[in-house]
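Just so it is clear, the model here is predicted, and its values are computed rather than measured. The chain is numbered in sequence order, starting from 1.
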Amino acid sequence: MMRLQIGIGAVGVAIGMVGVYAFAVGVPGRDWSRVFTWLGGVVVAHDLLIAPTALIVGFGVFKILPYRLRSTMRVAALGVATVALIGVPLLMTR
């Protein structure tokens, strides 16, 4: 089992490195300032909007749900948040 975990981890790291390489090669030299501005904005948005919202939802809404639905709703919320974090920047470029 340990070898399987190490193998899956290694594949994940390799795929991540391919993504980093493609990103570094795909960004033109003059656009790096825009990339760093966007990354800085993401940090600010996370600290001011995403983290407090997750806390409110986690402590407030999930406490009123029946116990058997909590894990299902957490997975659903994680899925919606992931799609939103990927989709919103893509929609903003159109």
Could you list the donor-acceptor pairs under 3.5 angstrom formed between side-chain atoms of residues 1-21 and any protein atom two or more places apart in sequence or on another chain?
none

Matching residue for Ile86 among Val83, Thr82, Val88 - test: side-chain contact (heavy atoms from CB on, under 4.5 Å): Thr82
Phe23: ring pair (Phe, Tyr, Trp, His ring centres under 6.0 Å) partners, not counting sequence neighbours: Trp32
Set of salt bridge (charged side-chain N to carboxylate O under 4.0 Å, His left out) partners for Arg34, sequence neighbours left out: Asp31
N/O donor to acceptor pairs below 3.5 angstrom from side-chain atoms of residues 65-73, sequence neighbours left out:
| unit_1 | atom_1 | unit_2 | atom_2 | d |
| --- | --- | --- | --- | --- |
| Arg70 | NE | Phe62 | O | 3.0 |
| Arg70 | NE | Leu65 | O | 3.4 |
| Arg70 | NH2 | Lys63 | O | 3.3 |

Exercise: identify the closest heavy-atom pair between Ile64 and Val61: CG1-O, 3.0 Å
All pairs passing salt bridge (Lys or Arg N to Asp or Glu O under 4.0 Å) where residues 82-92 contributes a residue, at least two apart: none
Can I get a per-line list of side-chain donor-acceptor pairs under 3.5 Å for residues 35-57, giving both atom names and the distance, sequence neighbours left out?
| unit_1 | atom_1 | unit_2 | atom_2 | d |
| --- | --- | --- | --- | --- |
| Thr37 | OG1 | Ser33 | O | 2.8 |
| Thr53 | OG1 | Leu49 | O | 2.6 |

